[in-house]
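Report on the structure given below.
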Amino acid sequence: QAEALAKKIASKGRIAIAAIMDSLREGRDVSLPEALRSEARNFGRTVQTEDKRIGVSAFIQKRPPIFVDR
């Protein structure tokens, strides 16, 4: 099960995975408002990427995305 989950995560965009990991690390030992600010910063980083546009387009077209890590 762990290997299947790891493969599923690895199939996602690296920028998004990095942002999630940053949010988890930064938010682990701080107050909720601070953790939410960290999450918002990381969201802001990812929403402006080419991968975001690729992911949305693939979703609309009902096809798997091919992320370019930009």
For residues 11-18, which side-chain donor-acceptor pairs fall under 3.5 Å, sequence neighbours excluded?
{"from": "S11", "atom 1": "OG", "to": "K8", "atom 2": "O", "distance (Å)": "2.7"}

- Is the backbone of A19 close enough, under 3.5 Å, to the side chain of S23 for a donor and an acceptor to pair up by distance? yes

- Would you give the length of the straight line joining atom CZ of F43 to atom CD of Q48, rounded to the nearest 0.5 angstrom? 9.5 Å

- Item | Chi angles and distances behind the side chain to side chain contact (heavy atoms under 4.5 Å, CB included) call for I54, V68 | CA-CA 9 Å; I54 290 169; V68 294; 3.7 Å; yes

- Message: Tell me whether the count of non-hydrogen atoms from other residues, nucleotides or ligands lying under 6.0 Å of CD in E3 goes above 12.
- Response: no

- Query: R45 versus D22: any side-chain heavy-atom pair under 4.5 Å?
  - Reply: yes

- Message: Looking at F67, is its backbone amide N or carbonyl O close enough to the side chain of D51 to form a donor-acceptor pair, meaning the two atoms are under 3.5 Å apart?
- Response: no

- Closest heavy-atom contact between G55 and P65? CA-CB, 4.3 Å

- What distance separates E50 CD from S57 OG, expressed to the nearest 0.5 Å? 11.0 Å

- Item | Chi angles and distances behind the side-chain hydrogen bond (donor to acceptor under 3.5 Å, both in side chains) call for S38, E34 | CA-CA 6 Å; S38 170; E34 290 175 78; over 6 Å; no

- Message: Would you compute the distance between atom CG of L5 and atom NZ of K7 and round it to the nearest 0.5 angstrom?
- Response: 12.0 Å

- Task: Step by step, work out the salt bridge (charged side-chain N to carboxylate O under 4.0 Å, His left out) result for E26 and R41.
- Result: CA-CA 11 Å; E26 293 168 5; R41 277 191 308 274; 3.7 Å; yes

- Task: Kindly give the heavy-atom pair with the smallest separation between G27 and A35, and that separation in Å.
- Result: CA-CB, 3.8 Å

